[in-house]
> 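Dropping a structure here in structure tokens format, bear with me for questions.
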Amino acid sequence: MIALLPMYDRPELQPANDAFWQAIRAELGRGPEHLSRDLDLWQAWRAPDLLLAQTCGLPYRARLYGDVELVGTPDYGLPGCPEGHYNSVVVAPADRKGARLAEFAGSRFAYNDPVSQSGWAAAMMRMRSEDILPGELVETGSHQASAVAVAEGRADFATLDALTYQMLCDYEPDLMAQLCELERTEPTPALPFITALGEDAAAILAAMQQALETLPEEHRARLHLRKIVPLTPSDYLAIPTPPGPTLVMDRLARGR
């Protein structure tokens, strides 16, 4: 069987994620001995022997819904977010502090992945509300790389997952000192835990909740994990999905 917790697994957090998995495994009484860290994410998320994984809200609603079971949703206690929700932090170079998002119309936007709720979809919906578009798209591969692209001047602004933003502030303060926070997007359901079709999602959720109760406070604090709550597929499916980068660039080429 496969278990992986890849979404917030910085080297500093791997001992905490490992401890969390061992506690879940003990509650379930089954599962792989160790978390996987070398698998292709899409293959792992769709694997028939997937016991537990964390994915992103956009992949879940756009590509995985119907092929996996939703287990539950983490609550990270993020500022301005309801229980079980998160949002994105719009960042720019430090010398742009106080600027309005509308001032970045036609600028270079860095995004981690075209199938990312926090790095792409939330940004596009926020820009839509201002009736603006970026002038150039810079795909980076990760939120950390998007932050670096803005800090190094290869992009003008980016949106970072709010928990990743906090972790970058915690572990890479020199990088974050080169950036400023402009604003935060509207909250959406946080990154869901999933399992393969046919698995007992309710039993896995109960095991995760009990494991979290027994997890040492040091690990809970590093993971920022307060609760795991039972959101529904409808909570995710209700979130609008904007066009992807290819369609956005086509629109830019046509002059909007």
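Note that the structure is a prediction, hence the values are computed from the model and not measured. The residues of the chain are indexed from 1 along the displayed sequence. Quick note: numbers below take in every heavy atom, side chains included, and nothing from hydrogens, waters or symmetry partners.
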> Give, for atom OG1 of Thr159 and atom CE of Met127, the distance between the pair rounded to the nearest 0.5 Å.
7.0 Å
> Taking Ser146's backbone N and O only, do any of them form a donor-acceptor pair with Arg154's side chain (distance below 3.5 Å, no angle check)?
no
> For the residue pair Thr73 and Tyr236, confirm or rule out a side-chain donor-acceptor distance under 3.5 Å.
yes
> I need the minimum non-hydrogen distance between Leu223 and Phe20, along with the two atoms involved.
CD1-CB, 4.4 Å
> Any side-chain heavy-atom pair from Pro192 and Thr55 closer than 4.5 angstrom?
yes
> Strictly by modelled atom types, are Arg10 and Gln144 linked by a side-chain donor-acceptor pair under 3.5 Å?
no
> What's the shortest heavy-atom distance between Pro114 and Glu139, and which atoms?
CD-OE2, 3.4 Å
> Atom CZ in Arg25, atom CE in Met1: separation rounded to 0.5 Å?
11.5 Å
> Which atoms form the tightest heavy-atom contact between Ala203 and Leu28, and what is the distance?
O-CD2, 4.1 Å
> Mark yes or no for whether Arg108, through its side chain, and Gly153, through its backbone, hold a donor-acceptor pair below 3.5 Å.
yes
> Minimum heavy-atom separation for Ala155 and Val138, please, with both atom names.
CB-CG2, 4.4 Å
> Between Thr140 and Ser142 (side chain of the first, backbone of the second, donor and acceptor by atom type, cut-off under 3.5 Å), is there such a pair?
yes
> side-chain contact (heavy atoms from CB on, under 4.5 Å), that's the test. Do Val150 and Asp156 meet it? Break it down for me.
CA-CA 6 Å; Val150 176; Asp156 300 302; over 6 Å; no
> Working to the nearest 0.5 angstrom, can you tell me the gap between Thr185 OG1 and Met124 CE?
12.0 Å
> Mind checking whether Ile228 and Leu205 have side chains closer than 4.5 Å, heavy atoms only?
yes
> Output the distance between atom CG (Leu160) and atom OG (Ser116), rounded to the nearest 0.5 Å.
10.0 Å
> Walk me through whether His224 and Met167 qualify under side-chain contact (heavy atoms from CB on, under 4.5 Å).
CA-CA 9 Å; His224 294 260; Met167 291 176 174; 4.1 Å; yes
> Before accepting this row, confirm whether a basic side-chain N of the pair Asp75/Arg226 lies closer than 4.0 Å to the acidic partner's carboxylate O.
no
> Do Leu50 and Glu199 come close enough that some side-chain heavy atom pair is under 4.5 Å?
no
> Just jot down the ring-ring contact (aromatic ring centres under 6.0 Å, His included) partners of Tyr111, sequence neighbours excluded, or say none.
Trp120
> Would you indicate whether the side-chain heavy atoms of Val91 and Cys180 approach each other to under 4.5 Å?
no
> So, are Glu12 and Arg222 salt-bridged, with charged N and O less than 4.0 Å apart?
no
> Under 6.0 Å from the OH atom of Tyr65, do we count more than 12 heavy atoms belonging to anything else shown?
no
> Could I get the full list of side-chain hydrogen bond (donor to acceptor under 3.5 Å, both in side chains) partners for Asp9, not counting sequence neighbours?
Asn17, Arg37
> Any side-chain heavy atom of Asp67 within less than 4.5 Å of one from Trp45?
no
> Can you list every ring pair (Phe, Tyr, Trp, His ring centres under 6.0 Å) pair that touches residues 69-98, not counting sequence neighbours?
Tyr8-Tyr76
> Does any part of the side chain of Thr188, heavy atoms only, come nearer than 4.5 Å to the side chain of Gln117, both counted from C-beta?
yes
> What about the rings of Phe109 and Phe157, do their centers lie closer together than 6.0 Å?
yes
> Do you reckon Ile24 sits in the same ILVMFWY cluster as Leu39, going by side-chain contacts under 4.5 Å, direct or chained?
yes
> Check step by step if side-chain hydrogen bond (donor to acceptor under 3.5 Å, both in side chains) holds for Asp170 and Gln166.
CA-CA 6 Å; Asp170 291 343; Gln166 182 58 56; 2.9 Å; yes
> Are Met7 and Ile239 grouped together when hydrophobic residues (ILVMFWY) are joined by side-chain heavy atoms under 4.5 angstrom apart?
no
> Does Gln14, at its CD atom, have more than 12 non-hydrogen atoms belonging to other residues, nucleotides or ligands within less than 6.0 Å?
yes
> Salt bridge between Glu183 and Arg126, side-chain N to carboxylate O under 4.0 Å?
yes
> State, yes or no, whether a side-chain contact exists between Arg100 and Glu130 at a heavy-atom distance under 4.5 Å.
yes
> What are the two closest non-hydrogen atoms of Leu182 and Ala99, and how far apart are they?
CD2-O, 3.7 Å
> Decide yes or no on side-chain contact (heavy atoms from CB on, under 4.5 Å) for Lys227 and Gln209, but give the supporting numbers first.
CA-CA 7 Å; Lys227 294 180 181 178; Gln209 291 171 328; over 6 Å; no
> side-chain contact (heavy atoms from CB on, under 4.5 Å) for Val68 and Tyr60? Distances and angles first, verdict last.
CA-CA 9 Å; Val68 299; Tyr60 172 71; 4.0 Å; yes
> Do you know the tightest heavy-atom contact between Thr232 and Asp235?
N-OD2, 2.8 Å
> Under a 4.5 Å cut-off applied to non-hydrogen side-chain atoms, are Leu51 and Ile2 in contact?
no
> For the residue pair Ser88 and Arg184, confirm or rule out a side-chain donor-acceptor distance under 3.5 Å.
no
> Start with the C-alpha distance between Lys97 and Glu181, add both sets of side-chain angles, then the distance that settles salt bridge (Lys or Arg N to Asp or Glu O under 4.0 Å), and finish with yes or no.
CA-CA 7 Å; Lys97 186 175 179 61; Glu181 175 181 334; over 6 Å; no
> For the atom pair CG (Leu225) and CE (Met208), what is the distance rounded to the nearest 0.5 Å?
7.5 Å
> To the nearest 0.5 Å, how far apart are CG in Leu191 and CG in Leu5?
11.5 Å
> Taking Ala16's backbone N and O only, do any of them form a donor-acceptor pair with Trp21's side chain (distance below 3.5 Å, no angle check)?
no
